[in-house]
Peer 1: 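Starting off with a structure, shown below.
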Protein chains: 2
Amino acid sequence: MKNCECPGAEKLHGRFRGCGYRMTAGREAVIKVLQETQEHLSADEIFSKARVINPDIGLTTIYRTLEKLSMMGEVHKLDSGDKRGRFELANSGKGHHHHLVCSRCNRIIDYDDFIDDEVRLLKEMEKKLSKKYNFAISGHLIQFYGVCDKCK
Amino acid sequence: MKNCECPGAEKLHGRFRGCGYRMTAGREAVIKVLQETQEHLSADEIFSKARVINPDIGLTTIYRTLEKLSMMGEVHKLDSGDKRGRFELANSGKGHHHHLVCSRCNRIIDYDDFIDDEVRLLKEMEKKLSKKYNFAISGHLIQFYGVCDKCK
DNA sequence: CTCGGTGCAAAGAGTTTGCAATCCG
DNA sequence: CGGATTGCAAACTCTTTGCACCGAG
């Protein structure tokens with residue numbers, strides 16, 4: 001798989017084309033599902049929802065599409081502690097945010113409160129760490145674990 | 001499994017006993033392996049190393065011991081991005097630290113540089129977030145992703 | 001003696017792969 | 001038309017479970 005860098009294209013459809021990929025019914029369905037949800041869906045959950053749009057789609061296509069979107073930087077794969085991956089669109093309406101993960105029900109809550117201080121510190125850390133460890137930092141993961149209101 | 005809180009016991013051996021568990025050759029081997037390594041081993045890697053100490057040990061015991069130690073708060077389970085879990089002793093010589101994760105080779109590097117500022121901010125965040133989201137925060141995960149020096 | 005602990009084999013769960021058929025452009 | 005994409009089933013990987021035997025205390 002090519003590690004595609006095709007910036008600026010407004011629509012995912014265009015980005016696929018620009019990367020030499022094709023837009024298909026299956027991919028459209030996956031993207032639609034991701035755009036319409038507020039939650040962090042697993043591959044399987046995306047599968048169920050995508051089936052409603054396109055009954056012929058297979059789980060394999062979900063995985064392959066997610067992998068492509070992930071490579072393109074359009075979706076982020078999250079780790080919620082249970083064994084399956086969860087996915088969120090990178091460029092949904094949401095801005096930069098981090099996660100609260102419930103250890104009991106594995107629910108993931110986004111937060112973007114108070115995030116400016118966080119981001120400022122992170123940028124500094126990135127600079128210092130990449131210098132000290134000669135490490136090319138491309139991203140970060142910040143999560144707080146605990147028990148959510150519903151589970152308490 | 002009991003969610004054991006038996007503070008203050010100096011040795012893991014004692015902590016096991018204090019929790020109503022038994023100390024066995026298998027558990028000793030797992031603990032020894034964890035104490036002697038500087039890396040973040042997977043269950044399988046721990047298995048190989050433990051086999052050297054105790055050739056009769058099975059992979060199952062590794063998993064079950066790690067689960068107990070994890071419940072007791074003696075080991076932390078890490079997520080490196082590849083699908084298997086990695087483990088580190090909570091009370092090794094290392095103090096509080098966070099991780100740099102190489103996306104290429106999945107190596108995890110500990111850092112504890114500049115960590116005071118980080119921890120200070122985290123504590124603040126925890127306070128604010130737990131209030132706003134009514135979320136009982138028990139821990140956090142901070143990781144930077146990128147490409148390590150060896151992989152560049 | 002009592003129960004917790006063990007190894008083994010088998011089961012699970014999530015994800016990936018091989019392949020022939022199909023579809024996009 | 002040519003190569004990318006797909007669904008299906010099978011393969012894989014890591015982890016968990018059932019069970020009969022073993023052993024710590």
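Each chain gets a letter, A, B and so on, in the order the sequences are listed, and its residues count up from 1.
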Peer 1: Is the side chain of B:R107 donor-acceptor paired with the backbone N or O of B:C102 at a distance under 3.5 Å, no angle test?
Peer 2: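 Checked: no pair found.
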Peer 1: Rounded to the Å, how far apart are A:F47 CZ and C:dA13 C1'?
Peer 2: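 The distance from CZ of A:F47 to C1' of C:dA13 comes to 15 Å, rounded to the nearest Å.
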Peer 1: For A:Y111, is the NZ or CZ atom of B:K132 found under 6.0 angstrom from the centre of its six-membered ring and inside 45 degrees of the ring axis?
Peer 2: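 Geometry flag: not set, cation outside 6.0 Å or 45°.
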Peer 1: Base, sugar-phosphate or nothing for B:R84? Non-hydrogen atoms, less than 4.0 Å.
Peer 2: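 Here B:R84 touches the backbone only, sparing every base.
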Peer 1: Checking all strands, does B:D56 fall into the base, sugar-phosphate, or nothing category for heavy-atom contacts under 4.0 angstrom?
Peer 2: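 Counting heavy atoms under 4.0 Å across all strands, the contact made by B:D56 is with sugar-phosphate only.
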Peer 1: Just how far, in rounded Å, is P of C:dC23 from CG of A:N54?
Peer 2: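 To the nearest whole Å, that distance equals 12 Å.
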Peer 1: Taking the minimum atom-to-atom distance to the side chain of A:Y63, which one of D:dG25, D:dG18, C:dT15 wins?
Peer 2: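 The answer is C:dT15, which lies nearest to the side chain.
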Peer 1: Nearest to the side chain of A:R64, which nucleotide is it out of C:dC23, D:dT6, C:dT2?
Peer 2: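 Among C:dC23, D:dT6, C:dT2, the one nearest the side chain of A:R64 is D:dT6.
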Peer 1: Is it true that a side-chain atom of A:S130 and a backbone atom of A:K127 form a donor plus acceptor pair closer than 3.5 Å?
Peer 2: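 Yes, the answer is positive, given that a donor and an acceptor are paired below the 3.5 Å cut-off.
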Peer 1: From CE of A:M23 over to C1' of D:dT6, roughly how many Å is that when rounded to an integer?
Peer 2: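 After rounding, the gap between these two atoms is 15 Å.
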Peer 1: Could you tell me the separation between the CD1 atom of A:I46 and the P atom of C:dG14, rounded to a whole number of Å?
Peer 2: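 Computing the A:I46:CD1 to C:dG14:P distance gives 14 Å.
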Peer 1: Please report the distance, rounded to the nearest Å, between CG in A:L59 and P in D:dA11.
Peer 2: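 Those two atoms, CG and P, are 18 Å apart.
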Peer 1: C:dT6 phosphate, OP1 or OP2: any side-chain N/O from B:T24 under 4.0 angstrom?
Peer 2: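 Yes, such a contact exists.
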Peer 1: Whole angstroms only, please: what is the CZ-P distance between A:R22 and D:dC1?
Peer 2: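 Computing the A:R22:CZ to D:dC1:P distance gives 15 Å.
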Peer 1: Output the rounded distance in Å from CD (B:E67) to P (C:dT6).
Peer 2: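 These atoms are roughly 13 Å apart.
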Peer 1: Does a nitrogen or oxygen in the side chain of B:K83 sit under 4.0 Å from OP1 or OP2 of D:dC12?
Peer 2: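 False: B:K83 side-chain N/O out of range (4.0 Å or more) of D:dC12 OP1/OP2.
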Peer 1: With A:F16, which of A:M72, A:R22, A:E74 fulfils side-chain contact (heavy atoms from CB on, under 4.5 Å)?
Peer 2: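 For A:F16, the side-chain contact (heavy atoms from CB on, under 4.5 Å) test succeeds with only one of A:M72, A:R22, A:E74, which is A:M72.
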Peer 1: For the side chain of A:R17, starting at C-beta, report the closest nucleotide among D:dG25, C:dG25, D:dT17.
Peer 2: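 It is C:dG25.
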Peer 1: Tell me: CZ of B:R51 to C1' of C:dC8, nearest whole Å?
Peer 2: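 B:R51 atom CZ is separated from C:dC8 atom C1' by 12 Å.
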Peer 1: Taking 4.0 Å as the cut-off, does a side-chain nitrogen or oxygen of A:R27 come that near to OP1 or OP2 on D:dT6?
Peer 2: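 Checking D:dT6 against A:R27, a side-chain N or O does come within under 4.0 Å of OP1 or OP2.
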Peer 1: Please tell me which of the listed nucleotides, D:dT5, C:dT6, D:dG23, lies nearest to the side chain of A:K68?
Peer 2: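 Closest of the options to the side chain of A:K68: D:dT5.
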Peer 1: Could you check if a side-chain atom of A:D112 sits within less than 4.5 angstrom of a side-chain atom of A:K94, using non-hydrogen atoms only?
Peer 2: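 Of all side-chain heavy-atom pairs linking A:K94 with A:D112, none is under 4.5 Å.
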